[in-house]
Amino acid sequence: MTGGSAYQRGLAALRAGAPAELPPRSRGIIALLEENCTVCMLCARECPDWCIEIDSHKQTLPARTERGRPRVLHVLDRFAIDFGLCMWCGICIEVCPFDALFWSPSFEHATTAATDLVHERADLRTWLVGVPVPPALDR
Amino acid sequence: MTLAEVLGHEPSTSYGVVVAEVDRAGWAAVVTDVRDLGYAFFDVLTAVDLEAEGFEVVLRLWDPAARKGVVLRTRCPREDARVPTLTEVFAGAGWHERAAAELFGITFDGHATAHLLLSEGFDGHPLRKDFVLASRVAKRWPGAKEPGESDADLAAELTADRTGRGSRRRAVPPGVPTGWGPPR
Ligand code: SF4
Ligand code: SF4
């Protein structure tokens with residue numbers, strides 16, 4: 001089978017209204033599981049295109065025991081990725097130490113305004129639907 | 001003739017790619033011989049800035065009959081960044097040499113590389129590792145914020161700096177040397 005005929009078949013299927021058949025590990029868009037994000041800023045610093053914007057604030061939790069100390073937490077206020085700048089390198093996903101970022105195969109995100117390519121945290125959460133289950137760990 | 005005979009040494013294989021180092025003086029001659037072995041399709045020529053070790057010019061050729069490729073590399077020192085031209089071997093190499101000449105500041109001996117991509121009178125060679133990208137200095141870097149900070153915190157700190165009260169050292173983006181950027 002040649003690449004050409006696979007392409008032709010794929011095209012015919014799309015025209016017939018079938019959902020796109022995507023290869024494994026397709027890079028559609030980036031999803032954020034914000035429960036896992038500790039606001040460490042690593043992704044924003046490593047992104048070569050500077051397209052990740054993060055705002056956060058500090059929150060102090062009172063000591064839980066009598067001799068304990070109050071704890072400072074970082075709370076996420078804004079997480080946005082500008083997909084107009086992003087080049088799909090995946091560095092942010094690789095670098096995240098807390099498994100908060102994932103590749104989602106969802107790819108139909110064309111818009112008519114460049115500003116609509118800035119996906120805020122609510123959008124980034126939506127893209128979690130369809131993120132494939134990670135492969136089993138090596139034993 | 002085999003590739004090893006033409007090169008005078010056995011090429012190495014790296015990730016399935018056949019790679020050979022070629023002496024700068026024999027660059028054009030060796031490439032001619034490799035071409036005549038069947039690697040007749042010129043794929044790409046580019047360069048790598050190895051900093052203290054100079055520049056590496058990288059060439060990939062393809063053998064259309066045998067359907068296999070080879071990567072040839074040659075080195076030149078930083079202070080004598082010149083490599084013989086391949087335009088006599090592959091006319092199409094001229095285009096790539098013009099790009100490499102502009103972006104890396106490499107002279108291709110025997111080829112008056114006319115400017116290709118950058119604007120007339122552009123100062124510097126943007127793919128050299130010591131070239132500072134001015135936009136990286138001028139643009140606000142999202143990574144400057146620390147965990148637990150917002151844009152408002154950053155702005156407040158800048159104000160504090162101007163009144164001489166701020167003192168924190170900020171993380172700087174890669175590629176921006178110390179001393180560059182807005183006065184603090
Ligand atoms: S994929 Fe690359 S360019 Fe896009 S947000 Fe992540 S690090 Fe930045
Ligand atoms: S690297 Fe991961 S945990 Fe750190 S800020 Fe980015 S998404 Fe959050």
Side-chain angles (χ1 to χ4, degrees), chain A residues 2-4 30 32 34-61 70-87 89 91-98 100-101 114-115 117-121 124, chain B residues 15-16 41 43 46 48-49 51 62 64-69 103 117 126-160 165-178 180-182 184:
Chain A
T2 65
I30 297 163
L32 169 72
E34 61 178 63
E35 288 82 347
N36 281 4
C37 175
T38 64
V39 207
C40 69
M41 296 301 290
L42 280 184
C43 55
R45 289 183 177 163
E46 291 300 317
C47 171
D49 283 2
W50 300 12
C51 48
I52 306 181
E53 285 287 349
I54 299 173
D55 277 341
S56 56
H57 68 270
K58 290 192 174 75
Q59 193 175 316
T60 309
L61 292 186
R71 288 196 308 142
V72 177
L73 285 185
H74 299 137
V75 185
L76 188 67
D77 295 320
R78 180 177 183 223
F79 196 113
I81 301 183
D82 186 346
F83 287 103
L85 294 177
C86 174
M87 58 177 176
C89 66
I91 288 174
C92 52
I93 296 168
E94 291 286 320
V95 84
C96 174
F98 303 103
L101 295 170
T115 46
L117 290 171
V118 180
H119 292 198
E120 298 288 342
R121 62 200 277 198
L124 297 172
Chain B
Y15 297 99
F41 179 78
D43 184 355
T46 184
V48 182
D49 184 350
E51 302 192 289
W62 177 254
R67 301 177 72 85
K68 58 181 186 192
L103 301 174
L117 298 168
L127 287 189
R128 283 195 175 196
K129 294 224 171 104
D130 56 12
F131 184 88
V132 179
L133 296 166
S135 57
R136 298 244 122 168
V137 178
K139 199 186 155 185
R140 191 187 59 85
W141 182 46
K145 277 172 270 183
E146 294 293 329
E149 284 185 340
S150 65
D151 283 331
D153 298 327
L154 258 194
E157 190 185 279
L158 267 182
T159 319
R165 280 180 291 122
S167 60
R168 270 263 304 297
R169 263 193 76 79
R170 284 272 156 199
V172 286
V176 176
T178 41
W180 283 63
R184 301 224 42 196

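Protein chains get the first letters and strands the later ones, always in sequence-line order, with residue 1 at the start of each. These figures come from a predicted structure and were not determined experimentally.
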| When heavy-atom pairs shorter than 4.5 Å are enumerated against chain B, which of A/Lys58, A/His74, A/His57, A/Glu46 gives the highest number? | A/His74
| said: On a heavy-atom basis, which atom in A/Met41 and which in B/Pro142 lie closest, and how many Å separate them? | reply: CE-O, 3.5 Å
| query | If you tally heavy-atom pairs under 4.5 Å against chain A, which of B/Lys145, B/Arg140, B/Lys139 wins? | reply | B/Lys145
| said: So does A/Ser56 get a backbone contact from the side chain of B/Ser150, meaning a donor-acceptor N/O pair under 3.5 Å? | reply: no
| request: Would you check if the side chain of B/Asp151 reaches a backbone N or O of A/Asp55 as a donor-acceptor pair within less than 3.5 Å? | output: no
| query | What part of A/Ile54 is in contact with chain B, defined as an atom under 4.5 angstrom from a non-hydrogen atom: side chain, backbone, both or neither? | reply | backbone
| said: Surrounding CD of A/Glu94 (heavy atoms of other residues, nucleotides or ligands, distance under 6.0 Å), is the total greater than 12? | reply: no
